[in-house]
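See below for the structure under consideration.
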Amino acid sequence: MPELPEVETVRRTLELAISKETISHVEAPYQKIITQDFKWFQEKIKNQTINRIDRMGKYLIFILDKDAMIIHLRMEGKFYIKSDEPLLKHEHIIFHFVSGKNLRYHDVRKFGTMTLLPLETYLDSEPLNRLGKEPKNIDMKAFYQNLHHRNITIKQALLDQHLIAGLGNIYVDETLFRSKIHPTRNTSSITKKEAEALIDSAKKVLEKAIELGGTTIRSYTSSLGVHGRFQNELMVHMKKGEPCPICGTTIIKMKVGGRGTYVCPNCQH
DNA sequence: CCCGTGCCCTGGCGGC
DNA sequence: TGCCGCCAGGGCACGG
């Protein structure tokens with residue numbers, strides 16, 4: 001699923017490909033991706049130019065002339081740029097450009113969302129106003145204090161986008177492994193030193209993953225046929241039954257907060 | 001406010 | 001081989 005590095009890869013690719021394109025019209029074979037009234041959305045976005053593409057956490061943000069389009073790809077959302085090729089089964093939203101090209105949103109699970117908000121207020125509106133800081137910008141003191149004000153597993157905390165933004169299931173497993181912290185540990189038991197180790201590991205993991213274009217596993221390729229290479233750097237995620245790269249103990253899979261979780265039972269405490 | 005559960009959705013897989 | 005049922009999961013609504 002696209003997490004921060006995959007979304008950043010998509011952002012970079014799209015910005016090169018479609019910034020300065022003007023939207024002539026939008027069609028939506030499956031309208032529910034748009035969280036607002038589609039007729040309203042269609043009228044509002046018409047004739048606006050894509051000036052820039054930003055990202056906050058796992059959200060993509062198209063900066064248009066008057067509005068910002070906030071996009072979440074959820075599990076399997078992808079973008080493709082095409083011209084007059086026939087419409088494929090899972091292409092749900094098509095942005096037609098004045099140039100003749102079009103941008104197609106493809107999403108097998110139909111979980112993705114798109115929302116149009118005014119440039120003046122989108123940062124102060126849901127969902128971005130409640131989004132936590134990314135690991136590279138996080139305030140350590142506030143992060144540590146937040147952990148101690150809560151009573152959940154550290155894995156659930158790292159997945160909570162209000163607490164820290166950008167990590168999903170893959171990078172949380174990798175972050176915890178590299179910090180030698182067990183996913184089921186209660187947030188209130190995390191020491192200051194451990195909190196620092198977590199943020200340090202998260203930064204390094206995300207940075208490396210961005211450098212390698214993200215992680216491509218199963219169907220989770222990013223847009224435009226871009227294949228990431230971070231899957232070669234994974235140490236525990238999807239490694240059930242394999243030896244831990246540090247100690248050789250067999251990696252196990254368990255459920256934590258309802259999520260599939262990979263752990264080295266020897267290295268992580 | 002805090003936390004757990006269920007929902008959205010469909011392809012792929014295990015079991016028979 | 002074919003069919004059935006279940007699983008995956010990010011974010012949010014809802015209920016205790």
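Chain letters run A, B, ... following the sequence lines, proteins first, then strands; residues in each count from 1. These numbers come from the heavy atoms of this one structure, side chains and all, not from hydrogens, waters or symmetry mates.
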Worksheet entry | Flag, side chain of A:Gln48 to backbone of A:Ile23, donor-acceptor distance under 3.5 Å |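 Checking the backbone N and O of A:Ile23 against the side chain of A:Gln48, no donor-acceptor pair under 3.5 Å is found.
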Side chain of [X] only, heavy atoms from C-beta on: which candidate in [options] is closest?
X        : options                : value
A:Val108 : C:dG11, B:dG11, C:dA8  : B:dG11
A:His72  : B:dC3, C:dG11, B:dC9   : C:dG11
A:Lys255 : C:dA8, C:dG9, B:dG4    : C:dA8
A:Met75  : C:dG10, B:dC3, C:dA8   : C:dG10
A:Phe111 : C:dG10, B:dT10, C:dG11 : C:dG10
A:His162 : B:dG11, C:dG10, C:dC12 : C:dC12
A:Tyr30  : B:dG11, B:dC9, C:dG11  : B:dC9

Worksheet item: Would you say the ring centroid of A:Tyr105 lies under 6.0 angstrom from that of A:Tyr30?
Response: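 Ring-ring flag for A:Tyr105/A:Tyr30: false, centres at least 6.0 Å apart.
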Worksheet item: Is the A:His106-A:Tyr80 ring centre distance short of 6.0 angstrom?
Response: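 Yes, ring centres under 6.0 Å apart.
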Ignoring backbone atoms, test whether [X] places a side-chain nitrogen or oxygen under 4.0 Å from the OP1 or OP2 oxygen of [N].
X        : N      : answer
A:Lys32  : B:dC8  : no
A:Arg150 : B:dC3  : yes
A:His90  : B:dG11 : yes
A:Gln156 : B:dG4  : yes

Worksheet item: Quick one: does A:Val263's side chain get under 4.5 Å of A:Ile251's, heavy atoms only?
Response: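 Contact flag for A:Val263/A:Ile251 side chains = no.
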Fill in: Integer-rounded Å distance: C:dG9 P and A:Ile170 CD1
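To the nearest whole Å, that distance equals 9 Å.
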Discussion item. How bent is the helix from B:dC2-C:dG16 to B:dC16-C:dG2, measuring the angle between the end axes built from five pairs each, rounded to 10°?
Written reply: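 Both end axes considered, the difference amounts to 50°.
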Discussion item. Between A:Arg130 and A:Glu126 (salt bridge meaning N to carboxylate O under 4.0 Å), is one present in this structure?
Written reply: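 Between A:Glu126 and A:Arg130 there is a salt bridge, with a charged N closer than 4.0 Å to a carboxylate O.
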Worksheet entry | Quiz item: cation-pi between A:Lys101 and A:Phe97, 6.0 Å / 45° |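 No, A:Lys101 and A:Phe97 do not form such a contact.
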